[in-house]
Colleague: 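Below: one structure in structure tokens.
In listed order, ligands and their atoms are each counted from 1.
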Amino acid sequence: MFQQIKLPYDFNALEPHIDALTMETHYTKHHAGYTKNLNEAAAEAGVANKEITELLSSLSNISDEALRKKIRNNGGGFYNHNIYFGSLSPKGGGQPTGTLANEIENNLGGFNKFKEDISKLAANQFGSGWGWLSVAKGGKLVLSSSPNQDNPLIEGKDMLPIFGIDVWEHAYYLKYKNLRADYIKALFNVVDWQAVEKNYQQALNR
Ligand code: MN3
């Protein structure tokens, strides 16, 4: 069974940056829905025992086209939101420290440049999708964006995403309406860089 991460904070904990109703709807409806649909489709396709990263990077092995599509959309939705919700915290904000900070400095031109670049990628993603910070094989940090519930793994890039900005309207519309850029700016006030650093270390050790 694929399971949603438990939120280590209350739905209202990220106020005023992310409002409680958005958080509750996002987690209990959208993310829960992706997870349920993934579990159904994965059982049907006989891939329920795979690691999610393995499953998403080998979708072409699923011969039934409808099932493959269902697992792509819902498996992406499941995995992407585990990363998203897991890297937010009421105690977040500020900047990464340690190894991740050094790599952002060395690979991505420093934190301010990184923040500007990933924000632009997320803001400019046409329609629904994600902005990503990922780790390529060998440890290099890479920025990208994806449509729908895709991510670099699904796109066959052999990179592990460690931080994602959800720019589906369900992530911000109740509070920010059409102002996606304002939501992205606000999100940085609640990013838990220690959690992202943990994801980074795991990605290095894969
Ligand atoms: Mn979402």
Colleague: Can you tell me if Lys175 has over 12 outside heavy atoms packed within less than 6.0 Å of its NZ?
Modeller: yes
Colleague: For the residue pair Phe188 and Phe111, does the interplanar ring angle fall in the parallel (under 30°), tilted (30 to 60°) or perpendicular (over 60°) class?
Modeller: perpendicular
Colleague: Could you grab the distance from atom CG of Asp166 to atom CH2 of Trp130, nearest 0.5 Å is fine?
Modeller: 3.5 Å
Colleague: Count, excluding waters, the protein N, O or S atoms that are closer to the Mn ion (ligand 1) than 2.8 Å.
Modeller: 4
Colleague: Let me confirm one number: the NZ-CD1 distance from Lys113 to Ile104, rounded to the nearest 0.5 Å.
Modeller: 12.5 Å
Colleague: If you take the centroid of each ring, where Trp contributes its six-membered ring, are His31 and Tyr84 closer together than 6.0 Å?
Modeller: no
Colleague: Sort out for me which residue in His81, Gln149, Lys29 forms a side-chain hydrogen bond (donor to acceptor under 3.5 Å, both in side chains) with Tyr34.
Modeller: Gln149
